[in-house]
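Comments concern the structure below.
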There are 2 protein chains.
Amino acid sequence: MTTVLIVDDEPQILRALQINLHAHGYTVVPSPNGKAALLAAQTHAIDVVVLDLGLPDMDGLEVIAGLRGWTDVPIIVLSARHGSHDKVEALDAGADDYVTKPFGLDELLARLRAASRRAGTNTAEPLVETAEFTVDLANKRVTRAGEPVRMTPTEWSVLELLVRNPGRLVSQQQILTEVWGPAYAKEAHYLRVYMAQLRRKLERDPANPVHLLTEAGMGYRFAQ
Amino acid sequence: MTTVLIVDDEPQILRALQINLHAHGYTVVPSPNGKAALLAAQTHAIDVVVLDLGLPDMDGLEVIAGLRGWTDVPIIVLSARHGSHDKVEALDAGADDYVTKPFGLDELLARLRAASRRAGTNTAEPLVETAEFTVDLANKRVTRAGEPVRMTPTEWSVLELLVRNPGRLVSQQQILTEVWGPAYAKEAHYLRVYMAQLRRKLERDPANPVHLLTEAGMGYRFAQ
DNA sequence: CGCCGTTTTTACGCCTTCTTAACGCGTCCC
DNA sequence: GGGACGCGTTAAGAAGGCGTAAAAACGGCG
């Protein structure tokens with residue numbers, strides 16, 4: 001019952017891997033680009049990632065960095081480049097293994113087994129901590145003074161987006177489109193309601209927030 | 001300070017690796033053959049093993065097996081053979097990585113870093129206990145107050161998925177796709193029925209669950 | 001062919017969450 | 001100085017999610 005996230009922009013390769021891995025008992029989550037991959041990694045319980053470096057939308061190293069920001073899931077990189085420099089870069093970015101194309105299916109399967117074997121049960125905890133509260137991104141859990149704080153789906157989506165961009169300004173439009181969808185890009189209204197709720201749950205003095213900051217006219221910012 | 005056990009029968013390679021790795025901050029334990037390697041692994045606190053497969057006294061796979069009998073230390077295999085079959089054999093015997101000669105020193109260093117990085121977190125637990133019940137994942141058994149509790153296949157699948165992710169929020173979509181299949185991702189209905197059944201069997205007060213928790217709109221969570 | 005355990009439907013009442021509205025405060029610009 | 005605008009806060013109705021029980025459909029096995 002191992003779930004593999006496969007990231008490759010070539011549909012026929014994606015499809016071939018999907019069929020073959022499924023035939024070998026893996027659950028496969030396919031993803032054609034980097035953005036979808038990062039999203040899928042959050043919505044599914046991924047055990048291993050198979051990542052092709054040549055993606056259309058973003059650099060493969062960015063995908064590795066995006067994953068490594070919050071999870072220790074094994075990453076097996078596929079690449080057509082044999083250069084030693086590329087391998088070093090990928091491995092140092094956080095990849096666990098590097099396979100050069102063309103490769104045999106049996107080799108990939110063996111490396112998958114090796115990766116998932118040593119991963120075992122994923123218990124590493126990627127935590128984002130502040131003086132006031134702690135956000136566990138992998139487990140979708142928020143604690144404050146040791147006590148768990150319950151978040152509604154929308155509250156969590158907003159908080160997660162901010163926490164995944166610590167210190168960075170996130171525009172209202174971006175939050176609205178990512179949480180509510182592109183059609184809601186103008187409903188800045190919702191944001192005020194939810195920021196107030198988040199502050200009431202997480203800030204010591206909700207009227208004078210320290211971690212969930214408003215940048216008037218610009219957006220919001222999470223400060224650690 | 002990472003200690004690397006290097007096993008290679010060619011003195012000049014052994015020596016070259018020893019010098020280079022030492023220059024990069026590693027403590028090196030050299031070993032010219034398999035027997036000496038197995039001995040050294042027991043007398044030194046080894047963090048990573050670099051193993052050449054072509055040894056004079058014993059098969060490289062035997063060395064891997066000899067190490068895997070008692071330790072999970074990462075093993076990086078060096079080999080001149082490019083054949084896919086050899087890779088599969090070594091990886092399945094318990095190796096973590098496979099590098100074909102000739103290789104660049106920087107690649108080996110990167111793979112060393114990757115191996116020792118992930119070495120920190122692993123170990124599996126087949127028995128999950130709570131104050132109320134015990135789940136034996138390996139034997140698919142649930143006991144409560146010493147008495148075995150009978151589970152239907154579907155009940156077990158749901159329980160297993162939750163218990164394998166202790167403390168982690170599991171979305172209902174994920175449970176549905178993994179237990180019933182992707183076509184049932186929207187049938188959140190089933191889940192309510194089965195969560196109720198699991199609680200009736202496992203919780204002291206099914207109406208106020210302590211271990212099988214609902215996160216409204218988000219999913220379910222198993223709390224130990 | 002009929003029984004029995006399991007899964008899937010169905011129905012209903014309760015509760016959480018989302019959405020919307022209203023109002024007060026502060027700030028910026030004219 | 002005044003108006004417009006953006007923001008924070010609260011409250012309440014609407015909509016949908018959840019728990020529960022029980023009946024119907026299914027499937028394996030004798």
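Chain letters run A, B, ... following the sequence lines, proteins first, then strands; residues in each count from 1.
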**Study point:** Backbone of A/T3 reached by a side-chain donor or acceptor of A/D47 within 3.5 Å
**Key:** yes

Review point. Partners of A/L14 by side chain to side chain contact (heavy atoms under 4.5 Å, CB included), sequence neighbours excluded?
Key: A/I6, A/D8, A/P30

Review point. Tell me the salt bridge (Lys or Arg N to Asp or Glu O under 4.0 Å) pairs involving residues 147-158 of chain B, sequence neighbours left out?
Key: B/E155-B/K201

Check your understanding: If you measure from CG on A/L108 to CZ on A/R113, what distance do you get to the nearest 0.5 Å?
Key -> 9.5 Å

Practice item. Can you sort out which residues in residues 147-159 of chain B have a heavy atom within less than 4.0 Å of DNA chain C? Ascending by number, please. Key: B/R150, B/T152, B/P153, B/T154

**Study point:** salt bridge (Lys or Arg N to Asp or Glu O under 4.0 Å) against A/K35, all qualifying residues, sequence neighbours excluded
**Key:** none

Check your understanding: Looking at residues 194-217 of chain A, who's got a heavy atom less than 4.0 Å off DNA chain C?
Key -> A/Y194

Study note, to complete from the structure: Note: contacts of residues 172-192 of chain A with DNA chain C (heavy atom, under 4.0 Å) are A/W180, A/H189, A/Y190

Practice item. Verify the neighbour count for atom CZ of B/R141: are there more than 12 heavy atoms of other residues, nucleotides or ligands below 6.0 Å? Key: no

Study note, to complete from the structure: So the contacted stretch of DNA chain D, first to last nucleotide with an atom under 4.0 Å from a non-hydrogen atom of chain B, runs from D/dG17 to D/dT20

Exercise for review: Indicate yes or no: does B/R111 engage A/D97 in a salt bridge with an N to O separation below 4.0 Å.
Suggested key: yes

Review point. Under 3.5 Å, side chain of A/D96 to main-chain N/O of A/I75, donor-acceptor pair present?
Key: yes

Practice item. Flag the pair B/V142 / B/L159 as yes when at least one side-chain heavy-atom distance between them is below 4.5 Å, and no otherwise. Key: yes

Review point. Using rotation axes that map the C1' atoms of four end pairs onto the next four (five pairs an end), what angle separates the end axes of the helix from C/dC1-D/dG30 to C/dC30-D/dG1, to 10°?
Key: 40°

Review point. Any idea which heavy atoms bring A/I46 and A/A40 closest together, and the distance?
Key: CG1-O, 4.4 Å

Please list every donor-acceptor pair under 3.5 Å in which a side-chain atom of residues 202-224 of chain A meets a protein atom from a residue at least two apart or in another chain.
unit_1 : atom_1 : unit_2 : atom_2 : d
A/E203 : OE1    : A/V210 : N      : 2.9
A/E203 : OE2    : A/V210 : N      : 3.1
A/E203 : OE2    : A/H211 : N      : 2.7
A/E203 : OE2    : A/L212 : N      : 2.9
A/R204 : NH2    : A/E132 : OE1    : 3.2
A/D205 : OD1    : A/A207 : N      : 3.3
A/T214 : OG1    : A/R199 : NH2    : 2.6
A/E215 : OE2    : A/R221 : NH2    : 2.9
A/R221 : NH1    : A/G167 : O      : 2.7

Point to revise | Test side chain to side chain contact (heavy atoms under 4.5 Å, CB included) applied to A/P182 - qualifying residues, sequence neighbours left out | key: none

Practice item. With sequence neighbours left out, write down each residue that passes side chain to side chain contact (heavy atoms under 4.5 Å, CB included) with B/E89, or none if nothing qualifies. Key: B/L61, B/H85

Practice item. Scan for side-chain hydrogen bond (donor to acceptor under 3.5 Å, both in side chains) pairs involving residues 167-188 of chain A, sequence neighbours excluded, and state none if there are none. Key: A/N165-A/R168

Exercise for review: Give the minimum heavy-atom separation between B/A115 and B/V48, together with the two atoms involved.
Suggested key: CB-CG1, 4.3 Å

